[in-house]
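To keep things clear, I will list the structure first and then write my remarks on it.
Heavy-atom basis, side chains included; hydrogens, waters and symmetry copies ignored. Given the structure is predicted, the values throughout are model-derived calculations rather than measurements. Order of listing sets the numbers, starting from 1, for every ligand and every atom in it.
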Amino acid sequence: MALGRARLEQPSRYLVDERPLAEGEVEEELERLRRAILAAREELQDLRDKLHGTMAREVAEFIDAHSLMLADRELTAGIYDLIRKGRYRASAALQMQRDRLVAVFEAMDDPYLRSRKEDIEHVIARVQAGLVRESSREERRLAARVGEILISDTVAPSELVPLAERGVLGVVLTSGSQVSHSAILARSLRLPMVVAAHEALAQIQDDDLVLIDGEHGEVVVHPAAPDIARYRAWQRENAQKGKRLALLREADTRTRDGVAIALHANAESTEDVAQARALGAAGVGLYRTEFLFLQRKELPGEEEQFLAYRDLVLGMGGLPVTIRTLDLGADKADASGLVLDDEENPALGVRGVRLSLRRPQLLSMQLRAILRAASYGPVRILVPMVCAAEEMVAVRRMLAECARDLRSAGYEIPWQVELGAMIEVPAAAIALTGMIRALDFVAIGTNDLVQYTLAVDRNNDQLANLYDPLHPAVLKLIAHTIAVAQRARRRVTLCGEMAGDRRYTALLLALGLTDLSMHPGVLLEVREEINALDFGALRAHARTLLRAPTRERIGRTLDKLRRA
Ligand code: PEP
Ligand code: MG
């Protein structure tokens, strides 16, 4: 949350000069554009040189991405062409190229890629600023005084750190999404930000007092006494929370009645691995390998995959690591053409293990890489989107073949590597009893389980209120999965976003889970929550929770349990 005076940053209206160029003006206009692009690149370089502190590396990546765009011939050649052949003035050419590229990004299905249009807008705006020799927006923004909340249409990631350093308390944007680079960075900087507040620029005036709540996406203009009281209470709690959590780095994760709960990390990057270790994670519970495959034209070969997996295993220093086989498809499309792009229903299409089994060479390359990495530390293999035992039998057969081939080629690989399935399709949960013998362990993927159980696209903003992990049907499937796995003495973990949300921790323990995997950034909060819960008391309420007919009733029972 943040409370401060509003400082409005109206979208800069660059003068787009629509008059066509005369023949003799073309060269000069091209030169103006060249100078503006150069100025924009220098500005970015200056910004980069001034970076310091913990976030410097991340911010530098954003700045580099923008510099690369400015150096990208495809982006700039189009603009030069519009001037040369279309006789547009530089400002109009920039505007046209911006509109074209933004339209391409807007048509993308992946919300992350869609949000990349913001990068195009920031880069073009920077060149426009140079073109009209205005002081750049950034300079004006940096003049913002301490105690202000910036209200703007958009903000570039590279502007966020200087803004935070100058004492800006929070940011409200009329556009943007929660997965934009700016939002990701704001979260790391702990700078409160509210996105998609469409009316903010129209309804807020300069110097209005505003209270913003980034967690709930709320902006209160002229907050009344109860709002201010809520803010002050939040402030006090937040300060205490930071101190409290720091003490938990070395602590055990154990309920009040002494039950040990294993908290694993979902890790994608080396930073995640380092953080997982620093916070005392029990291991890596989910390594999503598709991130090695996204946004590249060439598939990573066995050697490249092996090195990535080996470094992950080494990074965890002997703690167990669960590597998931490729889960491409649906919203995770690749650039290499592996994923079919003409499916009418990609979420119900060739994704996860379905894709792997159709491309046996791809699967065997990945299994070989994982097996080789497994000689450096404990590794488990997890298979996504499983619906039937036959799929697991086929993967296990291929795993055995890979192991045999590697051994005959002289590799020393472990004799036993556990093979488990993600339970994220309702069919797999319902029919788990018949499938459990084919599994060494079970991981519940609630992100997909919720979407497939409720027929609600997990990426569709409009259905956000229907995407409900507390729906009685979802809880019954989770409870059934845990019960079947435990009866068959298989370890069962939950690695969807639910695991990292402390509002659900009591519920998950009540259902019998003692193993969770989550983003390392929330591990201490969940540890703190667990240390305050009573496992026995929660288990005694499992039936009540499962019999509750509505989400409201479940919510009320949970609140009571958490307070008990
Ligand atoms: C899940 O579905 O819950 C999960 C952990 O996997 P992903 O989010 O990668 O689909
Ligand atoms: Mg999933």
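- No part of Ile444 comes within 4.0 Å of ligand 1, judged by heavy-atom distances.
- Put simply, the side chain of Thr322 reaches to within 4.5 Å of the side chain of Phe441, judged on heavy atoms.
- Atom OD2 is the N/O/S atom of Asp448 found closest to the Mg ion (ligand 2).
- Taking 4.5 Å as the limit, every side-chain heavy atom of Glu121 sits out of range of all side-chain heavy atoms of Phe105.
- Two residues are said to be in side-chain contact when any heavy atoms from C-beta on lie closer than 4.5 Å; Met422 and Val383 fail this criterion.
- No option in Val526, Thr514, Leu263 other than Leu263 meets the side-chain contact (heavy atoms from CB on, under 4.5 Å) test with Thr253.
- Of all the atoms in ligand 1, the ones that sit under 4.0 Å from a non-hydrogen atom of Leu286 are 5 (C).
- A cation-pi arrangement is found for Arg116 relative to Tyr112, the charged atom lying closer than 6.0 Å to the ring centre and inside a 45° cone about the ring normal.
- Heavy-atom proximity to Arg288, at under 4.0 Å, picks out these atoms of ligand 1: 4 (C), 5 (C), 6 (O), 7 (P), 8 (O), 9 (O).
- In this structure, a donor-acceptor pair under 3.5 Å is absent between the side chains of Arg324 and Thr289.
- Under 4.0 angstrom from ligand 1, there are no non-hydrogen atoms of Met498.
- Listed by atom number, the atoms of ligand 1 under 4.0 Å from Cys495 heavy atoms are 5 (C).
- With ligand atoms numbered from 1 in the order given, ligand 1 contributes 1 (C), 2 (O) to contacts under 4.0 Å with heavy atoms of Glu424.
- Using modelled atom types, one finds no donor on one side chain facing an acceptor on the other under 3.5 Å when comparing Tyr504 with Glu529.
- Under the 4.0 angstrom criterion for non-hydrogen atoms, Gln451 is not in contact with ligand 1.
- The nearest non-hydrogen atom to atom 1 (C) of ligand 1, considering only Val425, Asp327, Leu494, Asn447, comes from Asn447.
- Contact annotation: for Glu497 versus ligand 1, there are no heavy atoms closer than 4.0 Å.
- As for Glu424, its N/O/S atom nearest the Mg ion (ligand 2) is the one called OE1.
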- Please assess Val172 against Val195 for the test side chain to side chain contact (heavy atoms under 4.5 Å, CB included), listing each intermediate value before the final yes or no. CA-CA 6 Å; Val172 176; Val195 296; over 6 Å; no
